[in-house]
Amino acid sequence: MEVGRLPISATLRGKLISSGYTTLSSLASVSPSNLARELEISNNEAFEVLKLASHGRGLDRSEGSGAIVNGAETAWDMLHKEQFIPRITTSCADLDNLLGGGINVSEVTEIGGVPGIEIKRHNLFVRGNRIQLAVNVQIPGAFGGVGGKAVYIDTEGSFMVERALQIAEACIEDMSDYSVLLKKNAIPHQIQIEPKNILENIFYFRVCSYTEQIALINYLDKFITEHKDVKVVIVDSVTFHFRQNFDDLALRTRLLSEMALKLMKLAKKFSLAVVLFNQVTTKFAEGSFQLTLALGDSWSHSCTNRIILYWNGDERYAYLEKSPSLQSASAPYSVTCRGIRNSTSSNKRTKMM
């Protein structure tokens with residue numbers, strides 16, 4: 001149970017979330033005096049909050065007493081399930097191959113791009129890639145897609161609806177081309193989707209602080225329960241509010257860990273992909289500076305897959321840094337007016353073959 005459901009004032013609820021107490025379990029080992037001091041409230045108020053939290057935890061246990069036993073499954077069942085997990089195409093064959101077929105649902109994937117003088121050019125990809133996934137998740141199953149909807153959480157105010165429309169139109173054109181190919185093979189498929197439909201299936205949330213970000217992540221369980229077709233949650237970016245004026249690093253680590261845990265649970269519970277976009281920094285390791293995603297080492301364990309985007313000369317590349325089942329490797333990609341596509345060099349190689 002989340003603290004947002006406690007029968008307390010909005011001000012007090014905000015203080016709890018800002019201090020990292022987002023779930024009832026996070027209040028289990030806190031004393032009234034420490035909570036009062038941390039939240040700057042009276043001891044009586046702190047005692048009442050802890051009393052309500054204790055009562056809520058009791059209700060949770062009584063309602064879900066068999067959850068652990070019921071959740072057991074065999075390794076064979078897990079393997080069989082993984083073989084049929086759908087993936088969201090990136091619209092780039094090389095990237096899809098790098099990722100074993102695309103962005104995996106039921107997993108959390110983190111993506112970050114390099115800093116430096118190319119940042120403006122690179123941001124064109126980053127925004128395009130995020131929007132690309134929000135569009136591509138809607139490709140119907142008949143065309144090899146997931147046929148879902150998207151939640152887009154914008155922390156930086158950088159969502160471009162014109163770009164979304166552009167990519168949606170290109171996606172429909174691609175499906176039309178594919179439909180023509182299927183007709184040649186006597187497998188007719190009608191295109192019953194328009195750019196307007198694609199934009200209507202992207203649920204956009206703008207958050208302006210880390211407390212709003214945490215509150216929204218807590219709300220997603222309820223929202224997705226009511227919108228069961230959601231198959232991707234995109235956070236653009238997970239980093240922004242946690243790198244701005246955040247002096248208490250211990251609190252930041254705790255908030256990020258709890259947020260990551262909730263996102264992992266969402267991915268598994270609703271069989272959807274969670275895609276977190278991060279910023280890139282450098283760290284000194286093995287005698288040299290190396291690219292790494294921001295938010296520290298503890299955060300690096302929070303995601304199933306990690307992808308670092310970088311430049312090699314004039315060509316964009318994606319490097320799969322972390323995956324439980326795939327080897328680390330790189331793949332080229334390009335950005336066009338139609339969205340993410342195969343790189344120019346890949347197209348040349350294909351023509352030569």
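As a basis for the values below, the full set of heavy atoms in this structure was taken, side chains included, without hydrogen atoms, waters or symmetry mates.
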Quiz item: Between E200 and N197, is a side chain to side chain contact (heavy atoms under 4.5 Å, CB included) present by the stated rule, with each step listed?
Solution: CA-CA 5 Å; E200 287 176 340; N197 304 133; 3.9 Å; yes

Practice problem: Check whether any side-chain heavy atom of I193 sits under 4.5 Å from a side-chain heavy atom of I198, and report yes or no. | Solution: yes

Exercise. Test L272 against V232 for side chain to side chain contact (heavy atoms under 4.5 Å, CB included), laying out the working first.
Key: CA-CA 5 Å; L272 56 82; V232 66; 6.0 Å; no

Quiz item: If you measure from CG on D314 to OG on S343, what distance do you get to the nearest 0.5 Å?
Solution: 12.5 Å

Quiz item: Between E45 and L39, is any pair of side-chain heavy atoms under 4.5 Å apart?
Solution: no

Exercise. Tell me, yes or no, whether the heavy-atom count around E226 atom CD, taken from other residues, nucleotides or ligands under 6.0 Å, exceeds 12.
Key: yes

Practice problem: Provide the closest heavy-atom pair for Y319 versus S328 in the form atom of the first, atom of the second, distance. | Solution: OH-CB, 3.6 Å

Quiz item: Is a side-chain N or O of N201 found less than 3.5 angstrom from the main chain of G148, in a donor-acceptor match?
Solution: no

Quiz item: What class does the angle between the rings of Y219 and F223 fall in, given that below 30° is parallel, 30 to 60° is tilted and above 60° is perpendicular?
Solution: tilted

Quiz item: At what distance, to the nearest 0.5 angstrom, does SG of C208 lie from CD of E156?
Solution: 12.0 Å

Quiz item: Do F240 and V275 share a hydrophobic cluster, counting only Ile, Leu, Val, Met, Phe, Trp and Tyr and linking them when any side-chain heavy atoms are less than 4.5 Å apart?
Solution: no

Quiz item: Which heavy atom of I340 sits nearest a heavy atom of C92, and at what distance?
Solution: CG2-CB, 4.0 Å

Quiz item: Is there a donor-acceptor contact under 3.5 Å from the side chain of S19 to the main chain of Y21?
Solution: no

Exercise. Would you confirm whether N136, through its side chain, and T89, through its main-chain N or O, come within 3.5 Å as a donor-acceptor pair?
Key: yes

Exercise. Mark yes or no for whether R306, through its side chain, and T109, through its backbone, hold a donor-acceptor pair below 3.5 Å.
Key: no

Quiz item: Please walk me through it: do T22 and E258 pass side-chain hydrogen bond (donor to acceptor under 3.5 Å, both in side chains)?
Solution: CA-CA 8 Å; T22 59; E258 291 186 2; 2.5 Å; yes

Quiz prompt | Nearest heavy-atom neighbours spanning A329 and L98 | solution = O-CD1, 3.3 Å

Quiz item: Nearest 0.5 Å, what's the CZ-CG distance between R87 and D96?
Solution: 9.5 Å

Quiz item: Rounded to the nearest 0.5 Å, how far apart are CG of L256 and OG of S302?
Solution: 7.5 Å

Quiz prompt | Residue pair L50, L27: steps toward the side chain to side chain contact (heavy atoms under 4.5 Å, CB included) verdict | solution = CA-CA 7 Å; L50 293 177; L27 291 166; 4.1 Å; yes

Quiz item: Should V207 and L276 be counted in the same cluster of Ile, Leu, Val, Met, Phe, Trp and Tyr side chains packed under 4.5 Å apart?
Solution: yes

Quiz item: Hey, what do you get for NZ (K262) to OG (S257), rounding to the nearest 0.5 Å?
Solution: 10.5 Å

Quiz item: Can you tell if the side chain of V230 reaches within under 4.5 Å of the side chain of F270, non-hydrogen atoms only?
Solution: no

Self-check item: Close side-chain approach of D94 to Y333, heavy-atom, < 4.5 Å
Solution: no

Quiz item: Where do T155 and Y210 land on the side chain to side chain contact (heavy atoms under 4.5 Å, CB included) test, with the steps shown first?
Solution: CA-CA 9 Å; T155 67; Y210 77 87; over 6 Å; no

Quiz item: Quick one: does N342's side chain have a donor or acceptor within less than 3.5 Å of a partner on A93's backbone?
Solution: yes

Quiz item: Should V238 and L261 be counted in the same cluster of Ile, Leu, Val, Met, Phe, Trp and Tyr side chains packed under 4.5 Å apart?
Solution: no

Exercise. Evaluate the side-chain proximity of I8 to L52: yes if any heavy-atom separation is below 4.5 Å, no if none is.
Key: yes

Exercise. Give a yes or no on whether a salt bridge exists between R341 and D174, defined as a side-chain N under 4.0 angstrom from a carboxylate O.
Key: yes

Quiz item: Counting only heavy atoms not in F47, do more than 12 fall under 6.0 Å of its CZ?
Solution: no

Quiz item: Any side-chain heavy atom of N305 within less than 4.5 Å of one from P324?
Solution: yes

Quiz item: Do S91 and Q132 get their side chains close enough for a donor-acceptor pair, meaning under 3.5 Å?
Solution: yes

Practice problem: Mind checking the CD1-CD1 spacing from I139 to I88? Nearest 0.5 Å is all I need. | Solution: 9.5 Å

Quiz prompt | Over all atoms of both residues, closest heavy-atom pair of P195 and L165 | solution = CB-CD1, 3.7 Å

Self-check item: Closest heavy-atom pair and its distance - P86, V146
Solution: CB-CG2, 4.2 Å

Practice problem: Measure from the side-chain N and O atoms of D248 to the backbone N and O of L251, and report whether any donor-acceptor pair falls under 3.5 Å. | Solution: yes

Self-check item: Closest contact, heavy atoms only, V235 versus Q213
Solution: CG1-NE2, 4.3 Å

Quiz item: So do the side chains of I224 and V233 get within less than 4.5 Å of each other, counting heavy atoms only?
Solution: yes

Quiz item: Got F242 and M259 here, is their nearest side-chain heavy-atom distance under 4.5 Å?
Solution: yes

Quiz item: Checking K231 side chain against S271 main chain: does a donor-acceptor pair fall under 3.5 Å?
Solution: yes

